[in-house]
Q: 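Before we start, here is the structure in question, set down as structure tokens.
This is a predicted model, so every value here is computed, not measured. So you know, we letter chains A, B, ... as the sequences are listed, proteins then strands, and number each from 1.
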There are 2 protein chains.
Amino acid sequence: MAEKLRIQPMVPEDLLFLTDDQLRKGIEAMFFAYRAFTADPDLILADMDYGRAHHRAVHFINRDPGLTVTSLLAVLGVTKQSLNRVLRTLIDDGLVESRVGRRDRRERQLYLTEKGTALERRLSEAQRARMRSAYRNAGPQAVGGFRQVLEAMMDPETRSQYQAMKDLPE
Amino acid sequence: MAEKLRIQPMVPEDLLFLTDDQLRKGIEAMFFAYRAFTADPDLILADMDYGRAHHRAVHFINRDPGLTVTSLLAVLGVTKQSLNRVLRTLIDDGLVESRVGRRDRRERQLYLTEKGTALERRLSEAQRARMRSAYRNAGPQAVGGFRQVLEAMMDPETRSQYQAMKDLPE
DNA sequence: GGTATAGGGCAGTGTTGTTGACTTTCTACG
DNA sequence: CGTAGAAAGTCAACAACACTGCCCTATACC
């Protein structure tokens with residue numbers, strides 16, 4: 001029986017955080033935290049005719065004004081049809097402006113109007129307030145770890161995009 | 001003017017992590033990481049007629065066998081009607097068993113069947129694999145911070161539930 | 001001029017959430 | 001004992017948001 005060789009398992013202290021139980025707790029933490037994370041903007045959006053998808057579009061247009069529809073599609077990871085429905089209501093309602101691309105006239109470059117900027121600010125301030133409070137309670141070291149684990153969890157392609165975005169002037 | 005007292009703002013090094021830019025990066029990290037976090041189980045579920053809601057139900061029934069419908073409702077944070085649709089398909093398909101409550105015969109206690117346990121294992125193993133890899137790459141210290149920030153982000157009620165769950169024997 | 005790309009649109013479908021209203025079964029309390 | 005109310009289940013309608021498949025126009029590039 002080779003079993004006897006495992007009587008003293010190789011489990012250094014440092015690896016105890018990889019037990020299935022620890023992983024399960026991490027999984028549940030993600031679920032509960034993400035629910036809270038989206039709750040505040042969702043409340044604001046519920047009053048208008050908008051949903052979470054509108055929030056995401058507005059967020060990324062604000063973050064990178066003038067980006068093309070294709071770029072936005074790539075960042076959001078949804079289909080053209082799905083984005084288009086959301087984008088059209090935002091344009092019709094005067095929150096987003098779609099200008100013909102300068103480089104390439106086939107492209108459409110997306111910008112927030114004043115009205116769009118105002119909504120973005122309202123939504124993101126609600127979300128930032130929660131994030132700020134969580135950061136403050138957890139402290140700078142914890143925040144570093146938080147970001148490290150989240151980055152490690154992303155798909156490699158997404159992670160590259162994300163890390164490239166980090167360096168934008170804001 | 002009391003304003004003059006603020007000419008030298010109190011911004012120690014330790015608070016630089018609370019800038020709006022840092023917060024925005026945290027927000028985007030949550031978005032991208034959560035998308036990756038759900039991607040693996042979603043692939044498995046897509047083949048069957050199930051969705052993410054089925055996964056969540058199966059997860060929490062596995063974590064706390066014999067829990068009542070009301071408890072599950074509270075943990076998931078959805079309406080009775082929404083859960084019921086999901087739960088009924090799981091029961092009809094023989095993944096979940098609903099037994100009359102022992103204490104209170106009005107209650108239904110939920111258990112996974114062997115088939116249900118098998119699916120749960122498949123789904124959670126996919127999710128754990130990603131979490132394990134992220135944990136391993138980030139290291140134990142980062143994991144501690146990750147959990148701290150997520151807990152701080154939850155609604156207080158959810159956090160209590162979550163922290164109580166942490167102590168279950170598993 | 002022909003092919004490929006960017007964008008937009010239509011039609012249909014599926015999952016998951018919501019309200020609101022109603023029923024059955026059972027417990028608990030006055 | 002009788003009733004108020006909790007727990008569960010159900011029906012109907014609706015909305016948000018994702019998907020596939022297909023088609024069309026405008027523009028770019030070779």
Side-chain angles (χ1 to χ4, degrees), chain A residues 31 34-35 38-39 41-59 61 66-93 96-111, chain B residues 31 34-35 38-39 41-61 66-93 96-111 123:
Chain A
F31 170 61
Y34 194 79
R35 193 169 64 189
T38 55
D42 281 357
L43 274 183
I44 298 173
L45 292 157
D47 286 340
M48 327 182 170
D49 273 355
Y50 299 137
R52 212 173 282 179
H54 299 82
H55 181 191
R56 291 199 284 258
V58 162
H59 172 95
I61 296 173
L67 88 171
T68 65
V69 173
T70 304
S71 314
L72 185 52
L73 236 34
V75 175
L76 293 175
V78 298
T79 59
K80 193 181 44 165
Q81 292 84 340
S82 193
L83 174 60
N84 219 267
R85 188 168 0 122
V86 165
L87 215 44
R88 190 150 34 88
T89 70
L90 288 174
I91 292 171
D92 290 351
D93 294 353
V96 168
E97 196 185 345
S98 163
R99 305 186 201 149
V100 169
R102 277 180 314 160
R103 280 186 329 217
D104 185 333
R105 292 176 46 79
R106 287 173 303 182
E107 293 178 345
R108 295 293 176 274
Q109 295 190 282
L110 302 171
Y111 299 87
Chain B
F31 170 62
Y34 194 79
R35 193 169 64 189
T38 55
D42 281 357
L43 273 184
I44 299 173
L45 291 158
D47 286 339
M48 327 180 171
D49 273 355
Y50 299 136
R52 211 174 283 179
H54 299 83
H55 181 190
R56 291 200 283 259
V58 161
H59 172 95
F60 284 107
I61 295 173
L67 89 171
T68 64
V69 173
T70 304
S71 314
L72 184 54
L73 235 36
V75 175
L76 293 175
V78 296
T79 59
K80 195 179 42 165
Q81 293 86 335
S82 191
L83 173 60
N84 219 267
R85 200 178 357 188
V86 166
L87 214 44
R88 191 149 35 88
T89 70
L90 289 173
I91 292 171
D92 289 351
D93 294 354
V96 168
E97 195 184 346
S98 162
R99 303 186 202 151
V100 169
R102 278 180 314 159
R103 279 187 330 216
D104 185 332
R105 293 176 46 80
R106 286 173 303 184
E107 294 178 341
R108 296 290 177 273
Q109 296 190 283
L110 302 171
Y111 299 88
L123 292 172

Q: Thr79(A) side chain N/O closer than 4.0 Å to the phosphate oxygens (OP1, OP2) of dC19(D)?
A: yes
Q: Can you work out whether Ile91(B) or Asp104(A) has the more 5'-proximal nearest nucleotide on DNA chain D?
A: Ile91(B)
Q: Of all the choices, dT16(C), dA12(D), dC19(D), which nucleotide is nearest to the side chain of Arg85(B) once you look at every atom?
A: dT16(C)
Q: Can you name the residues that form a side chain to side chain donor-acceptor pair (under 3.5 Å) with Arg102(A), not counting sequence neighbours?
A: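 Partners of Arg102(A) by the side chain to side chain donor-acceptor pair (under 3.5 Å) criterion come out as none, since no residue qualifies.
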Q: Do Gln81(B) side-chain and dG20(C) base share a donor-acceptor contact under 3.5 Å?
A: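 In this structure, the two groups form a donor-acceptor pair.
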Q: Where the side chain of Glu107(A) is concerned, which of dG9(D), dA6(C), dT16(C) is the nearest nucleotide?
A: dA6(C)
Q: Under the side chain to side chain donor-acceptor pair (under 3.5 Å) rule, collect the residues that match up with Gln81(A), sequence neighbours excluded.
A: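 Gln81(A) satisfies side chain to side chain donor-acceptor pair (under 3.5 Å) with no other residue.
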Q: Determine whether Arg108(B) and Val100(B) satisfy the following criterion, side-chain contact (heavy atoms from CB on, under 4.5 Å), listing intermediate values before the conclusion.
A: CA-CA 5 Å; Arg108(B) 296 290 177 273; Val100(B) 169; 4.1 Å; yes
Q: Let's see if you can work this out: which of dT27(D), dG9(D), dG20(C) has an atom nearest to the side-chain heavy atoms of Arg105(A)?
A: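 From the listed options, dT27(D) comes nearest.
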Q: Which of the following nucleotides, dC19(D), dG17(C), dG8(C), is nearest to the side chain of Val78(B)?
A: dG17(C)
Q: Please report, rounded to the nearest Å, how far the P atom of dC11(D) is from the CG atom of Asn84(B).
A: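 It is 10 Å, rounded to the nearest whole Å.
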Q: Can you tell me how far P of dT16(C) sits from OH of Tyr34(A), to the nearest Å?
A: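 Distance check: Tyr34(A) OH to dT16(C) P gives 16 Å.
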Q: Partners of Glu107(A) by side chain to side chain donor-acceptor pair (under 3.5 Å), sequence neighbours excluded?
A: Arg103(A)
Q: Any salt bridge (Lys or Arg N to Asp or Glu O under 4.0 Å) involving residues 42-59 of chain A? Give me the pairs, sequence neighbours left out, ordered by first then second residue.
A: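 Output for this query lists Asp42(A)-Arg52(A).
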Q: Write down the distance between CZ (Arg103(A)) and P (dA6(C)), rounded to a whole number of angstrom.
A: 10 Å
Q: In residues 46-59 of chain B, which ones come under 4.0 Å of DNA chain D, going by heavy atoms?
A: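 Within residues 46-59 of chain B, no residue comes under 4.0 Å of DNA chain D.
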Q: Counting just side-chain N and O atoms, does Arg88(A) come under 4.0 Å of either OP1 or OP2 of dG9(C)?
A: yes
Q: For His54(B), give me all partners under side chain to side chain donor-acceptor pair (under 3.5 Å), at least two apart in sequence or on another chain.
A: Thr89(B)
Q: Taking the side chain as C-beta and beyond, is there a heavy-atom pair between Val78(A) and Val86(A) under 4.5 Å?
A: no
Q: Would you please test Asp93(A) and Tyr50(A) for side-chain contact (heavy atoms from CB on, under 4.5 Å) and show each step?
A: CA-CA 11 Å; Asp93(A) 294 353; Tyr50(A) 299 137; 2.4 Å; yes
Q: Restricting to side-chain contact (heavy atoms from CB on, under 4.5 Å), what partner residues turn up for Arg99(A), sequence neighbours left out?
A: Glu97(A), Tyr111(A)
Q: For Arg108(A) and dG9(C), what is the distance between atoms CZ and P respectively, to the nearest whole Å?
A: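 After rounding, the reported distance stands at 10 Å.
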Q: Within this structure, what is the CG-to-C1' distance between Leu45(B) and dA18(D), rounded to whole angstrom?
A: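 From Leu45(B) CG to dA18(D) C1': 15 Å.
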Q: Over how many whole Å does the gap from Leu83(B) atom CG to dG9(D) atom C1' extend?
A: 11 Å
Q: Round to the nearest Å and state the distance from Arg99(B) atom CZ to dG9(D) atom C1'.
A: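 About 20 Å, once rounded to whole Å.
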Q: Dump the pairs, protein N or O against N or O of nucleotides 1-4 of chain C, anything under 3.5 Å, distances to one decimal.
A:
none

Q: Please enumerate all residues that pass ring pair (Phe, Tyr, Trp, His ring centres under 6.0 Å) together with Tyr34(B), with sequence neighbours excluded.
A: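 Scan of Tyr34(B) (ring pair (Phe, Tyr, Trp, His ring centres under 6.0 Å), adjacent residues dropped) gives Tyr34(A), Phe37(B).
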Q: Can you tell me the distance, in whole Å, between the CZ atom of Arg35(B) and the C1' atom of dC17(D)?
A: 15 Å
